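Each remark here refers to the structure printed beneath this line.
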Amino acid sequence: MTTTAFVLMAASIVVHGHRGARGVLPENTIPAFEHAIDAGANYLELDLAVTRDNVLVVSHDAVLPESICTGGAGTRVIREMTLAQLKQWDCGSRANPAFPRQKTVPGTRVPTFDEVLALADRGSFGFNIETKISAKRPELTPSPDEFARLIYDAVHKRGLENRVLVQSFDFRTLHAMKRIAPAIRLNALIGREDTRDWAVVAQESGAGCIAPEYVLVTPERVRKAHAIGLTVVPWTVNDAAEWDRLIAAGVDGIITDDPAALLAHLHSAPPSRAAPPQRP
Ligand code: G3P
């Protein structure tokens with residue numbers, strides 16, 4: 001591949017800010033999403049849970065982690081608390097030790113999904129919405145149909161159908177969303193243990209995009225996915241060498257904890273850029 005071809009591919013990469021910008025600010029919080037918007041991320045990636053009073057809220061974990069959230073009282077299980085109870089927790093005071101550059105924002109609360117959707121006026125970015133749901137723990141969420149309905153109603157209320165995509169490891173919510181609103185774009189998440197052919201994953205999920213853990217990406221897999229009309233958006237990559245490997249493999253987008261850094265990397269022009277890697 002020529003340097004020119006590589007630079008053109010880099011320029012077309014769609015950047016998803018994972019949990020907003022977890023590398024630099026508390027995950028899934030308004031400050032993290034605002035940072036991603038200001039950086040120019042194409043998508044805000046966020047995770048959803050549902051409170052006892054059926055409010056969609058933005059949290060990766062159905063049980064508030066002790067390592068991140070402090071100050072509230074009683075249960076940490078989001079599905080067992082009202083929104084008012086959830087809002088007592090401070091999820092911005094403790095820096096995540098896995099991200100040394102992460103700044104704290106004391107007093108930051110878990111946002112509602114609607115509070116995050118309200119940021120839409122600040123730009124033309126999209127929302128990559130992950131349903132956190134598992135058939136093994138049905139008590140932690142509504143049913144897949146109810147979950148999808150809550151999401152659709154919230155998105156529809158703000159007229160954002162064209163700016164959202166829904167992703168999940170649990171394809172039941174993807175099927176449910178397709179029944180409710182067939183035009184909403186869907187991403188099938190798969191982890192490194194899932195070695196199925198991506199055509200099979202697409203068929204089983206009904207998704208038009210495969211979102212694999214990054215180690216699964218090879219040029220051959222991406223080529224085959226593109227040949228049947230799928231896009232490929234791997235997660236979650238924070239390393240420049242790995243970004244370059246994925247770009248050279250032909251992926252369509254990248255999910256990263258540091259969207260500002262990825263955007264700076266994509267926009268840096270030769271000769272300051274590292275030489276493109278050879279195809280494996
Ligand atoms: O965006 C995909 C990625 O979020 C999947 O991993 O653990 O962050 O949900 P996780």
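Indexing begins at 1, ligand by ligand and atom by atom, following the structure's order. This is a predicted model, so every value here is computed, not measured. Values below: all heavy atoms of this structure, side chains included; hydrogens, waters and symmetry mates excluded.
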Ligand 1 atoms in contact with [X] (distance to a heavy atom under 4.0 Å):
X	value
R19	7 (O), 8 (O), 10 (P)
E130	2 (C), 3 (C), 4 (O), 5 (C), 9 (O)
I255	1 (O)
L189	2 (C)
H60	7 (O), 8 (O), 9 (O), 10 (P)

Review point. Are any of the N or O atoms of W235 closer than 3.5 Å to those of ligand 1?
Key: no
Practice item. Ignoring angles and geometry beyond distance, decide whether Q167 reaches within less than 3.5 Å of ligand 1 through its nitrogen or oxygen atoms. Key: yes
Point to revise | hydrophobic_cluster_shared for L83 and V110, side chain cutoff 4.5 Å | key: yes
Review point. What about I190 and M177, same hydrophobic cluster or not, with Ile/Leu/Val/Met/Phe/Trp/Tyr joined at side-chain heavy-atom distances under 4.5 Å?
Key: yes
**Study point:** Which atom of K132 lies closest to which atom of F147, heavy atoms considered
**Key:** O-CE1, 3.6 Å
Review point. Which atom pair, heavy atoms only, marks the closest approach of W235 to E213?
Key: NE1-N, 3.3 Å
Review point. For atom 9 (O) of ligand 1, what is the nearest protein heavy atom, given as residue, atom name and distance?
Key: K132 NZ, 2.5 Å
Review point. At what distance is the nearest protein heavy atom to atom 3 (C) of ligand 1, and which residue and atom is it?
Key: H18 NE2, 3.5 Å
Exercise for review: List in chain and number order the residues that pass salt bridge (Lys or Arg N to Asp or Glu O under 4.0 Å) with R79, two or more places apart in sequence or in another chain; answer none if no residue qualifies.
Suggested key: none
Exercise for review: Identify, with sequence neighbours excluded, every residue that meets salt bridge (Lys or Arg N to Asp or Glu O under 4.0 Å) alongside K178.
Suggested key: none
Review point. Can you tell me if N238 and T256 form a side-chain donor-acceptor pair at under 3.5 Å?
Key: yes
Practice item. Please confirm whether H16 comes under 4.0 Å of ligand 1, counting heavy atoms of the residue only. Key: no
